[in-house]
Amino acid sequence: MKMMKSSKQYVRLEKSFYEQNTITVAQRLLGCILIHKVPEGLISGMIVETEAYMGVDDKAAHSYQGKHTPRMDPLYKRGGYAYIYQLHGYNYCLNVVTEKENQPRAVLIRALEPIQGLELMARRRNIKLTADDMKTADKISKKLKNMTNGPSKLCQALGIDTSLNGVDLLGNELYIITGEDLNDRMMATPRINISYAEEYQYEPWRFIIKGNSFLSRLYKIESK
DNA sequence: CCAACGATGGGT
DNA sequence: CCCATCGTTGGA
């Protein structure tokens with residue numbers, strides 16, 4: 001786990017960040033820290049895997065060809081809102097809305113490296129952490145990795161569900177701050193589980209921090 | 001009204 | 001590979 005260095009300035013991401021091109025946002029979110037403020041305290045993690053969904057032009061996007069249903073309203077707002085939807089009855093996915101109003105593009109947050117609120121995460125994920133699991137000097141335990149290494153796992157760990165759909169990331173409940181500059185470790189790959197998207201399934205719009213231990217399970221091979 | 005479906009995760 | 005499980009969606 002990365003420890004917060006007190007010497008470093010952590011700055012909240014603002015409107016101008018989210019209003020950039022979606023690919024740029026997806027790349028620059030790597031290394032940033034997602035924070036959910038809950039009554040018990042802060043739960044946070046460093047973003048290590050993202051995917052860009054390019055809106056009306058992208059066959060993998062919910063908003064392909066301008067599709068717009070009530071639950072997608074946040075997607076059509078200006079950059080900086082959360083778009084959260086439920087999947088298969090019991091999973092949630094968190095997206096960061098990008099670009100200008102009526103440009104329905106977003107970045108899916110696919111994996112985090114835990115930072116704060118380990119006990120709260122473990123409770124929400126039904127994972128029992130032992131003292132050994134907390135020793136991170138050499139090897140990171142399997143249970144620790146399993147906390148936030150997938151888009152729905154991280155939502156469960158941070159307590160994110162559709163009650164937060166449409167929340168403004170410029171507010172104080174759910175927000176993102178600058179973290180480490182890890183762009184030299186960035187790698188692009190095709191996106192996951194979108195075979196229905198025909199030729200768009202091959203677009204290299206997934207971004208990872210190469211070698212990070214918390215990438216989603218299908219692509220551990222990339223941690224070399 | 002109602003049936004089909006899914007930007008997942010877990011197990012085989 | 002298979003499939004659980006339920007809110008959203010869109011077509012009767």
Side-chain angles (χ1 to χ4, degrees), chain A residues 18 22-23 25-27 29-30 34 45 47-77 79 81-99 103-112 114 121-128 141-167 169 174 188-208 213-222:
Chain A
Y18 297 110
T22 304
I23 300 287
V25 175
Q27 294 172 337
L29 277 174
L30 294 178
L34 172 68
I47 297 168
V48 300
E49 177 176 340
T50 62
E51 282 179 356
Y53 284 86
M54 300 301 281
V56 297
D57 305 315
D58 178 3
K59 287 183 179 174
H62 291 171
S63 51
Y64 177 55
Q65 289 184 327
K67 183 177 173 186
H68 187 169
T69 64
R71 79 164 178 181
M72 290 160 56
D73 279 348
L75 254 186
Y76 283 79
K77 296 187 181 182
Y81 285 94
Y83 169 50
I84 299 161
Y85 60 90
Q86 187 176 16
L87 190 58
H88 291 92
Y90 41 76
N91 295 128
Y92 300 97
C93 289
L94 167 66
N95 294 259
V96 168
V97 177
T98 57
E99 306 198 31
Q103 178 69 285
R105 296 179 172 177
V107 174
L108 173 66
I109 308 299
R110 284 195 57 90
L112 299 178
M121 289 188 192
R123 200 181 310 160
R124 294 180 191 279
R125 293 275 300 129
N126 285 315
I127 292 171
K128 299 258 184 283
S141 84
K142 207 169 179 177
K143 278 192 279 185
L144 199 51
K145 292 182 185 185
N146 191 37
M147 205 85 81
T148 51
N149 62 345
S152 295
K153 291 178 184 180
L154 72 89
C155 283
Q156 187 182 21
L158 270 66
I160 294 169
D161 61 29
T162 46
S163 68
L164 291 170
N165 188 28
V167 156
L169 299 173
L174 185 67
T189 83
R191 295 171 291 178
I192 307 293
N193 287 346
I194 52 158
S195 52
Y196 59 86
E198 300 174 30
E199 73 273 24
Y200 281 84
Q201 69 184 294
Y202 306 112
E203 294 288 352
W205 291 341
R206 171 173 175 261
F207 303 96
I208 63 174
S213 299
F214 294 86
L215 302 180
S216 59
R217 62 174 177 157
L218 290 175
Y219 283 80
K220 278 177 183 160
I221 192 165
E222 291 162 359

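The sequence lines fix the lettering, A, B, ..., with proteins before strands; numbering per chain opens at 1.
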Enquirer: Does the cation-pi check pass for A:Arg191 over A:Tyr53, that is, NZ or CZ under 6.0 Å from the six-membered ring centre and within 45° of its axis?
Expert: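 Relative to the ring axis of A:Tyr53, which defines the angle, A:Arg191 lies inside both limits.
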Enquirer: Round to a whole Å and report the spacing from NZ of A:Lys142 to P of B:dG10.
Expert: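 From A:Lys142 NZ to B:dG10 P: 12 Å.
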Enquirer: Using atom CD1 of A:Ile194 as one end and atom C1' of B:dT8 as the other, report the distance to the nearest whole Å.
Expert: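 Going from CD1 in A:Ile194 over to C1' in B:dT8 covers 14 Å.
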Enquirer: Sort out the partner of B:dA7 for me: Watson-Crick or G-U wobble, both distances under 3.5 Å, none otherwise.
Expert: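 Check on B:dA7: unpaired, no WC or wobble geometry under 3.5 Å.
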Enquirer: Check this one for me: any side-chain N or O of A:Asn193 less than 4.0 Å away from OP1 or OP2 of B:dT8?
Expert: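 Checking B:dT8 against A:Asn193, a side-chain N or O does come within under 4.0 Å of OP1 or OP2.
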Enquirer: Could you state the atom-to-atom distance from CG of A:Asn95 to P of B:dT8 in whole Å?
Expert: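 From A:Asn95 CG to B:dT8 P: 11 Å.
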Enquirer: Side-chain N or O of A:Arg71 versus OP1/OP2 of C:dG7: is the shortest distance under 4.0 Å?
Expert: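 Negative; the distance criterion is not met.
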Enquirer: Atom CD of A:Gln86 to atom P of C:dA4: distance rounded to whole Å?
Expert: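 These atoms are roughly 17 Å apart.
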Enquirer: Using atom NE2 of A:His62 as one end and atom C1' of B:dC5 as the other, report the distance to the nearest whole Å.
Expert: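 From A:His62 NE2 to B:dC5 C1': 11 Å.
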Enquirer: Quick one: A:Met72 CE to B:dA7 P, roughly how many Å, whole number?
Expert: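 In whole Å, B:dA7 P and A:Met72 CE are 11 Å from each other.
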Enquirer: Please confirm whether the shortest side-chain N or O distance from A:Tyr92 to OP1 or OP2 of B:dA7 is below 4.0 Å.
Expert: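 Result: no.
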Enquirer: Taking for each residue the nucleotide of DNA chain C with the nearest heavy atom, is it A:His88 or A:Thr162 whose nucleotide lies nearer the 5' end?
Expert: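 Looking at DNA chain C, the more 5' nearest nucleotide goes with A:His88.
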Enquirer: Would you call the rings of A:His62 and A:Tyr83 parallel, tilted or perpendicular if under 30° counts as parallel and over 60° as perpendicular?
Expert: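 Plane angle over 60°, so perpendicular.
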Enquirer: According to a strict under-4.0 Å criterion, is A:Arg206 in side-chain N/O contact with OP1 or OP2 of B:dA7?
Expert: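 No, A:Arg206 has no side-chain N/O under 4.0 Å of OP1/OP2 on B:dA7.
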Enquirer: Measure from the side chain of A:Asn91, starting at C-beta and using heavy atoms only, and say which of B:dG10, B:dT8, B:dA7 lies closest.
Expert: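 Shortest atom-to-atom distance from the side chain points to B:dT8.
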Enquirer: Separation of A:Ile84 atom CD1 from C:dT8 atom C1', in whole Å?
Expert: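 So the two atoms are 16 Å apart, to the nearest Å.
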Enquirer: With a 3.5 Å distance limit and no angle check, can you tell me whether A:Glu99 reaches the backbone of A:Thr22 through a side-chain donor-acceptor pair?
Expert: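 Side chain of A:Glu99 to backbone of A:Thr22: a pair is present.
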Enquirer: Is it true that A:Glu51 and A:Arg110 have a side-chain N and a carboxylate O under 4.0 angstrom from each other?
Expert: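 Judged by the 4.0 Å cut-off on N to carboxylate O distance, A:Glu51 and A:Arg110 do form a salt bridge.
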Enquirer: Is A:Tyr53 stacked on the base of B:dA7, with ring centres under 5.5 Å apart and planes under 30° apart?
Expert: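 Base of B:dA7: stacked against A:Tyr53.
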Enquirer: Between A:Arg206 and A:Glu49, does the side chain to side chain contact (heavy atoms under 4.5 Å, CB included) criterion hold? Intermediate values first, please.
Expert: CA-CA 7 Å; A:Arg206 171 173 175 261; A:Glu49 177 176 340; 2.9 Å; yes
Enquirer: Using a heavy-atom cut-off of 4.0 Å across all strands, would you classify A:Tyr85 as base, sugar-phosphate, or nothing?
Expert: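 Base contact.
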Enquirer: To the nearest angstrom, how far is A:Gln156 atom CD from C:dT5 atom P?
Expert: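 Interatomic distance, CD of A:Gln156 to P of C:dT5: 15 Å.
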Enquirer: Do any N or O atoms from the side chain of A:Thr148 and from the backbone of A:Leu112 form a donor-acceptor pair under 3.5 angstrom?
Expert: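 A pair under 3.5 Å: yes.
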Enquirer: Between C:dT9, B:dT8, B:dA7, which nucleotide has the shortest distance from any of its atoms to the side chain of A:Ser152?
Expert: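 My answer, after comparing the listed nucleotides, is B:dT8.
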Enquirer: Once you apply a heavy-atom cut-off of 4.0 Å, does A:Leu108 come out as touching a base, just sugar-phosphate, or nothing?
Expert: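 The residue A:Leu108 makes base contact.
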Enquirer: NA contact type, A:Lys67, heavy-atom cut-off 4.0 Å: base, sugar-phosphate, or nothing?
Expert: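 Here A:Lys67 touches the backbone only, sparing every base.
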Enquirer: From C:dG7, B:dA7, B:dG10, pick the nucleotide closest to the side chain of A:Arg125?
Expert: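 Nearest nucleotide to the side chain: B:dG10.
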Enquirer: Roughly how many Å apart are C:dT5 and B:dC2, using the P atom of each and rounding to a whole number?
Expert: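 Comparing P positions in B:dC2 and C:dT5 gives a spacing of 23 Å.
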